Amino acid sequence: MLVVLKRDYEEISCLAAHMVANAVRSKPSVTLGLATGATMLGVYQELVRQHKEEALDFSRVKTFNLDEYAGLTPDHPQSFHYFMRENFFSHINAAAPNIHIPDGRINGNYEEYCAAYENSIRSAGGIDLQILGIGRNGHIGFNEPTSSFASRTRLKVLSQDTIEDNRKFFAAGEELPECAITMGIGTILDARKIAILATGESKAEAIARAIEGPLTASVTASCLQLHPDVTFFIDEAAASQLTQQEYYRRVMRMTALLTPDRLS
Ligand code: F6R
């Protein structure tokens with residue numbers, strides 16, 4: 001794994017967006033795995049800027065989002081459909097049939113629906129580049145602590161931590177989603193390349209446990225240690241509990257010198 005340590009959120013967003021943009025430029029029909037959440041906003045802003053100012057073309061790109069809250073309709077302001085439309089899809093030229101986001105309206109027949117989602121990823125040729133955020137509890141997607149490393153797309157009950165983290169986004173008194181449809185850890189690990197971003201002090205413990213801790217289903221992001229092509233983009237605050245920062249910086253210097261393609 002490559003650990004890219006940068007000063008602030010703006011720098012990590014830009015670098016991660018450049019990795020996505022390079023993937024699109026080198027393979028116009030690339031399949032991207034996408035995430036939502038506050039951390040992703042900077043990446044989408046930079047990609048939208050490159051679309052508008054540098055003609056970055058998404059017309060043949062296929063996308064698969066990681067997750068969606070069960071029970072929310074696509075026009076609910078807290079749904080991930082809404083988030084993706086507002087922050088990304090309505091500003092670029094991706095074709096609607098190429099965009100895939102789990103449907104929060106599914107009610108029953110979850111297994112069949114989730115197997116079909118997995119099938120459509122397979123039919124698209126698999127995910128070339130998956131981007132991820134990380135929860136304070138170390139989750140990726142909504143693979144909450146104790147999720148199996150072999151899990152596939154499924155209905156998942158959200159942890160209390162996640163529900164509390166999301167409470168601020170919902171109106172007072174509004175019922176909060178307790179479940180989500182999420183790609184599994186096995187699904188995520190099938191991606192050919194993975195980029196994960198973390199910003200701020202509140203992610204420092206999860207990041208240290210994911211990168212330097214033991215492989216454990218208690219911190220599902222630690223599964224990324226098993227993947228051969230993962231890049232962590234981390235700002236100073238989120239990196240503050242990493243013990244080997246000097247080593248990661250040296251690896252970056254050597255990588256830039258010897259295998260610069262690895263950074264794009
Ligand atoms: C969202 C997702 C989650 C978020 C994570 C971090 O699609 O899969 O794993 O990436 O909860 O969220 P933020 O960026 O809001 O801290």
Side-chain angles (χ1 to χ4, degrees), residues 8-10 12-13 16-17 20 32-45 63-70 72 74 76-89 99-104 114 117 121 127 129-147 151-170 176-189 191 194-207 209-210 217 219-224 230 232-235 237-238:
D8 57 26
Y9 175 64
E10 212 179 313
I12 60 165
S13 304
V20 177
L32 300 176
L34 299 179
T36 60
T39 312
M40 290 303 136
L41 290 170
V43 173
Y44 293 137
Q45 273 160 19
T63 67
F64 287 87
N65 265 76
L66 283 166
D67 42 19
E68 177 59 288
Y69 290 118
L72 296 198
H76 188 292
Q78 302 314 328
S79 75
F80 291 166
H81 278 78
Y82 190 94
F83 176 99
M84 291 306 297
R85 203 165 50 240
E86 289 296 299
N87 295 300
F88 194 38
F89 293 132
I99 295 172
H100 307 83
I101 306 175
D103 189 342
C114 294
Y117 198 72
I121 295 174
I127 291 173
L129 171 61
Q130 173 70 57
I131 56 173
L132 299 171
I134 183 170
R136 281 191 311 124
N137 64 5
H139 73 201
I140 48 174
F142 274 137
N143 293 290
E144 301 289 33
T146 73
S147 292
S151 53
R152 312 299 307 188
T153 302
R154 68 209 182 290
L155 182 71
K156 184 76 195 165
V157 177
L158 300 178
S159 71
Q160 204 53 41
D161 288 342
T162 299
I163 293 174
E164 291 313 322
D165 281 350
N166 292 335
R167 188 175 294 283
K168 56 183 175 294
F169 300 115
F170 287 80
L176 267 82
E178 287 202 47
C179 296
I181 292 174
T182 181
M183 280 188 204
I185 295 177
T187 323
I188 292 170
L189 290 177
I194 298 179
I196 174 165
L197 290 86
T199 176
E201 177 69 38
S202 67
K203 301 292 173 69
E205 186 184 349
I207 279 295
R209 294 182 73 192
V219 180
T220 55
S222 67
C223 76
L224 298 173
V230 177
F232 279 79
F233 294 99
I234 311 171
D235 70 8

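Just the heavy atoms: all of them, side chains too, but no hydrogens, waters or symmetry mates, feed the values below. Just follow the structure's listing: the first ligand is 1, and inside any ligand the first atom is 1. The structure presented is a predicted model; accordingly, all values stated were derived computationally and were not measured.
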Salt bridge (charged side-chain N to carboxylate O under 4.0 Å, His left out) against Glu164, all qualifying residues, sequence neighbours excluded: Arg167
Whether Met40 lies under 4.0 Å from ligand 1, heavy atom: no
Residues Thr187 and Arg154: side-chain donor-acceptor under 3.5 angstrom: no
Flag side-chain contact, heavy atom, 4.5 Å: Ile194 against Ile131: no
Atoms of ligand 1 close to Gly37 [distance to a heavy atom under 4.0 angstrom, numbered from 1]: 14 (O), 15 (O)
Sub-3.5 Å N/O-N/O distance, Leu132 and ligand 1: no
Heteroatom distance test (Phe80, ligand 1): nitrogen or oxygen, under 3.5 angstrom: no
Ion pair check, Arg136 and Asp165, cut-off under 4.0 Å: yes
[atom]: which protein heavy atom is closest, and how many Å away?
{"atom": "atom 2 (C) of ligand 1", "value": "Asp67 OD2, 3.3 Å"}
{"atom": "atom 11 (O) of ligand 1", "value": "His139 NE2, 2.7 Å"}
{"atom": "atom 16 (O) of ligand 1", "value": "Lys203 NZ, 2.6 Å"}

Counterpart residues, side-chain hydrogen bond (donor to acceptor under 3.5 Å, both in side chains), relative to Ser13 (two or more places apart): none
For atom 6 (C) of ligand 1, the option (of Leu34, Ile101, Ile140, Ile134) bearing the nearest heavy atom: Ile134
Ring centre gap for Phe88 and Phe83 strictly below 6.0 Å: no
